[in-house]
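The chains referred to below are lettered A, B, ... by the order of the sequence lines, with proteins before strands, and numbering in each begins at 1.
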2 protein chains.
Amino acid sequence: MLVRMDDGRKARAGRPRGFDAEEALERALVVFWRQGYEGATLTDLTRAMGITRTSMYAAFGNKEELFRRALDRYSEGPGGYVARALEEPTARAVAAGLLNGAVRATTRPGCPAGCLGVQGALATGDPGHRARDVLIAWRNDAGSRVADRFRRAVAEGDLPPGTDPDRLSRYVTSLVYGISVQAASGVARDDLQQVADTVLRNWPPATGG
Amino acid sequence: MLVRMDDGRKARAGRPRGFDAEEALERALVVFWRQGYEGATLTDLTRAMGITRTSMYAAFGNKEELFRRALDRYSEGPGGYVARALEEPTARAVAAGLLNGAVRATTRPGCPAGCLGVQGALATGDPGHRARDVLIAWRNDAGSRVADRFRRAVAEGDLPPGTDPDRLSRYVTSLVYGISVQAASGVARDDLQQVADTVLRNWPPATGG
DNA sequence: CTCATTCTGTACCGATCGGTTCGATACTCA
DNA sequence: TGAGTATCGAACCGATCGGTACAGAATGAG
């Protein structure tokens with residue numbers, strides 16, 4: 001299809017795409033974020049994207065693939081705080097990055113309240129079960145990476161010896177998801193920030209039985 | 001319509017209902033719980049209830065009313081731990097009742113994982129926005145009652161003076177919702193119990209800035 | 001018995017679902 | 001310029017959506 005395989009700059013035969021795929025994806029992301037996978041119809045999506053169904057299918061495959069792409073974009077955009085937090089030098093800073101980041105990402109003015117990774121497809125009927133599985137994997141992957149990061153912190157002596165990193169990860173991610181649900185309920189940013197502050201004020205929690 | 005207005009025992013004219021409405025509601029509850037409001041179709045619901053659409057509409061009004069009724073039943077059944085927890089004598093016992101109850105309710109064998117009040121309609125399209133509003137009110141009402149209970153605990157000296165009851169409520173309810181999301185992701189009961197244990201092990205958290 | 005009343009199953013309603021067909025259009029390449 | 005190719009808009013697809021009309025069936029009242 002590409003005329004020049006050695007240089008994919010442009011050189012594509014045929015009528016050029018009449019829209020910016022990245023910007024269209026951004027619009028679709030917001031619709032999925034606000035309405036969830038099942039609640040976002042092709043009509044809603046394509047209207048927000050400013051393109052027709054045909055163009056969407058040509059560019060992204062189908063609704064499910066569009067959702068996957070939107071989730072990827074979410075991870076790099078509004079959800080980027082997770083990756084940034086994991087690179088913080090201390091376990092405390094990691095937790096702070098996750099919790100403060102969650103508060104801000106789930107209460108961004110002009111964006112839907114809550115987290116796409118949570119409310120995008122938490123419970124679905126049969127047609128949405130693949131989207132649900134994608135989000136379950138997304139959440140569990142995030143949890144694993146936080147646990148690994150805390151494991152490293154224990155090894156480095158950055159967390160008290162005997163700390164259970166999996167347990168600590170589950171605690172922090174539960175708070176992140178809980179903050180997201182509260183945000184989706186309309187709770188104000190300041191109130192959620194107090195939750196994050198409370199957790200960090202009592203950091204690290206003792207993980208003994 | 002009732003033949004005897006002074007005694008509504010039965011004495012209803014016409015063909016008697018051929019199914020147990022409460023049992024049918026219980027079946028509908030499970031479908032909403034597993035698939036969410038939008039993901040649960042009338043076909044799914046009535047098949048599980050063992051009745052026809054006509055009978056469902058005659059007994060419950062419409063899908064939205066059925067959902068409301070199912071949520072009420074959920075509050076008295078699987079979600080009953082909230083009301084029970086609020087009657088515990090100490091703030092610590094209240095928190096323990098909420099967290100341990102959430103762990104068990106969201107990981108009941110034979111029931112969908114997670115919480116109906118969270119995953120029933122967290123993000124929806126236009127047709128589901130009333131169900132979403134119902135759940136938002138349900139969650140916020142629960143949060144208010146927990147805050148009121150903690151307020152009482154502060155007044156009684158059961159919590160350290162200066163404790164912010166609203167803030168503490170938000171912290172606990174965030175964890176309850178977070179546990180619910182984790183459960184919906186397939187996290188095992190034991191792992192979630194560790195989250196509850198961690199919170200209680202560090203109870204009460206300091207709520208200073 | 002008859003009659004009014006209520007419930008049940010079938011068959012159906014318009015609207016919308018996700019997805020596709022197709023001809024017109026706009027581009028690159030030779 | 002003409003051949004080849006990809007995109008575009010509109011109209012359309014069968015399936016399913018939530019919800020109903022209607023006729024038969026089962027009851028209590030008289």
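- Looking at A:Y177, its side chain does come within 3.5 Å of a backbone N or O of A:R139 through a donor-acceptor pair.
- Here B:R68 pairs with B:E64 in a salt bridge; the nearest charged N to carboxylate O distance falls below 4.0 Å.
- Contact check of residues 18-31 of chain B against DNA chain D (heavy atom, cut-off under 4.0 Å) returns no residues at all.
- Pairs engaging residues 106-134 of chain A under the side chain to side chain donor-acceptor pair (under 3.5 Å) rule: A:T107-A:R189 [sequence neighbours left out].
- Across the protein-nucleic acid pair, A:R17 atom CZ and D:dG9 atom C1' stand 16 Å apart, rounded to whole Å.
- A:A28 and A:L45 make their closest contact through O-CD2, 3.9 Å (heavy atoms, listed as atom of the first residue, atom of the second, distance).
- Sorted by first and then second residue, the ring pair (Phe, Tyr, Trp, His ring centres under 6.0 Å) pairs with a member in residues 66-88 of chain B read B:F32-B:F67, B:W33-B:Y74, B:Y37-B:F67; sequence neighbours excluded.
- The distance from the CZ atom of B:F19 to the CE atom of B:M56 is 10.0 Å, given to the nearest 0.5 Å.
- The closest donor-acceptor contact from the side chain of A:T163 to the backbone of A:L159 lies at 3.5 Å or more, if one exists at all.
- For residues 142-151 of chain B, the salt bridge (charged side-chain N to carboxylate O under 4.0 Å, His left out) pairs, not counting sequence neighbours, are B:D141-B:R145, B:D148-B:R151, B:R151-B:D166.
- A donor-acceptor pair is defined here as one N or O able to donate and one able to accept, closer than 3.5 Å; no such pair exists between the side chain of A:S180 and the backbone of A:V176.
- A donor-acceptor pair under 3.5 Å is absent between the side-chain atoms of B:E88 and the main chain of B:G97, judged by distance alone.
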List, with names and distances, any nitrogen or oxygen atoms from the protein found under 3.5 Å away from nitrogen or oxygen atoms belonging to nucleotides 23-25 of chain C.
unit_1 : atom_1 : unit_2 : atom_2 : d
C:dT25 : O2     : A:R15  : NH1    : 3.1

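- Looking at the side chain of B:A13, the nearest of the listed nucleotides C:dT5, C:dC7, D:dT7 is C:dT5.
- Sorted by residue number, the members of residues 35-69 of chain A with any non-hydrogen atom under 4.0 Å from DNA chain C read A:A40, A:T41, A:L42, A:T43, A:R53, A:T54, A:Y57, A:N62, A:K63.
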